[in-house]
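Written below as structure tokens is the structure these notes are about.
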Amino acid sequence: MVISPTAWGAKGFEPMFTGLVESLAEVVQVRPEPPGSRLVVRWAGVGQPRVGESVAVNGCCLTVVEAGPDSLEFQAGPETLSRTNLGRLAAGSLVNLERALAVGDRLGGHFVTGHVDAVGTVIAREEQGEWLTMWVSCPPGLSTQMASKGSVAVDGVSLTLVEVHGDRFSVALIPHTLAHTTLGRHSIGGRVNLETDLLAKYIERLRPSG
């Protein structure tokens, strides 16, 4: 939701992510800073992001405004808080963190911009041993940018779509994803940030209307 002044941003490029979570982090504090809030998050990943760098928090691109030995602080404005699930965070909540790509990094997931398209709702969980198929509701217009075997980011996690219908879709979650991201902790009714594939957005825009 927020474009941050990273090295890429300073040269006219927006930060990009891959949807591969680096740290499942605990929110230490949510401090009101009207009209927005400051999020203090414990960082447990490899390397320490610096002030000014971009980090995807549940798939939402935010700027590091303070960095301690094991913590990061972000400022989130009112639109970000209202249009993503970040406004529901409290001390003790868990969030997915991923630093922005650097030039030359390997791309293990898919291109994720950190601009959340909508907030979806978990409507079903189908457990199959240690695996889980999750169904998520979404605005009907968003599903036109999805296709079976295509990509979607859910809470910033790059996933492959299994089935897509008018107002819902399903994804298959492997044990590693369930253990190391927020997705294994969402029960029915849980709210998740959604971002469709960047290429799908352009294809839809180029498609003739009518």
Side-chain angles (χ1 to χ4, degrees), residues 1-2 15-25 27 41 45 54-62 76 80-89 93-101 107-128 130-201 204:
M1 298 293 296
V2 179
M16 296 292 287
F17 306 90
T18 69
L20 299 183
V21 172
E22 295 183 77
S23 175
L24 177 61
V27 175
V41 177
S54 293
V55 174
V57 182
N58 278 357
C60 179
C61 180
L62 297 178
T80 298
L81 296 173
S82 65
R83 295 174 65 90
T84 74
N85 64 12
L86 301 189
R88 295 171 172 260
L89 296 177
S93 298
L94 295 177
V95 291
N96 299 321
L97 300 182
E98 181 193 354
R99 291 173 296 178
L101 277 169
L107 181 63
H110 72 282
F111 282 121
V112 177
T113 66
H115 296 270
V116 175
D117 294 309
V119 177
T121 302
V122 177
I123 56 175
R125 292 167 51 96
E126 301 171 359
E127 297 185 11
Q128 299 167 311
E130 295 183 340
W131 294 58
L132 175 70
T133 296
M134 178 180 288
W135 283 89
V136 179
S137 68
C138 64
L142 201 63
S143 65
T144 61
Q145 299 173 3
M146 302 181 191
S148 178
K149 311 308 179 188
S151 297
V152 66
V154 180
D155 265 1
V157 183
S158 176
L159 299 171
T160 300
L161 290 154
V162 179
E163 294 186 49
V164 179
H165 301 288
D167 61 352
R168 64 194 187 281
F169 65 88
S170 66
V171 289
L173 306 177
I174 64 174
H176 179 85
T177 301
L178 293 171
H180 296 282
T181 73
T182 60
L183 300 185
R185 294 156 175 82
H186 279 299
S187 57
I188 293 176
R191 305 279 282 171
V192 291
N193 292 332
L194 305 177
E195 182 188 333
T196 59
D197 188 3
L198 183 62
L199 295 178
K201 288 181 170 68
E204 184 184 41

(message) Under a 3.5 Å distance rule, please check whether E195 uses its side chain to pair with a backbone N or O of V112 as donor and acceptor.
(response) no
(message) So L194 and V154, do their side chains get closer than 4.5 Å, heavy atoms only?
(response) yes
(message) Strictly distance-based, threshold 3.5 Å: is any side-chain N or O of S158 a donor or acceptor partner for the main-chain N or O of L20?
(response) no
(message) With heavy-atom distances below 4.5 Å as the criterion, would you say the side chains of L198 and M16 are in contact?
(response) yes
(request) Mind checking the OG1-CG spacing from T182 to D155? Nearest 0.5 Å is all I need. (result) 4.0 Å
(request) First locate atom CG of L94, then atom CG of L24, and finally report the distance between them rounded to the nearest 0.5 Å. (result) 5.0 Å
(message) Can a donor-acceptor pair be found, under 3.5 Å and without considering hydrogens, that links the side chain of R125 to the backbone of H186?
(response) yes
(message) What's the separation between atom CG in N193 and atom OG1 in T84, rounded to the nearest 0.5 Å?
(response) 5.0 Å
(message) As an exercise, state the distance from CH2 of W135 to NE2 of H165, rounded to the nearest 0.5 Å.
(response) 4.0 Å
(message) Would you say CZ of R185 has more than 12 non-hydrogen atoms from neighbouring residues, nucleotides or ligands within 6.0 angstrom?
(response) yes
(request) Please tell me if the side chains of I123 and I188 come closer than 4.5 Å, counting only heavy atoms from C-beta onward. (result) no
(request) For N85 and R191, indicate whether the former's side chain and the latter's backbone hold a donor-acceptor pair under 3.5 Å. (result) yes
(request) Would you mind reporting whether R83 and V116 have side-chain heavy atoms less than 4.5 Å apart? (result) no
(request) Can you measure from CG (L81) to CG (L89) and round to the nearest 0.5 angstrom? (result) 8.5 Å
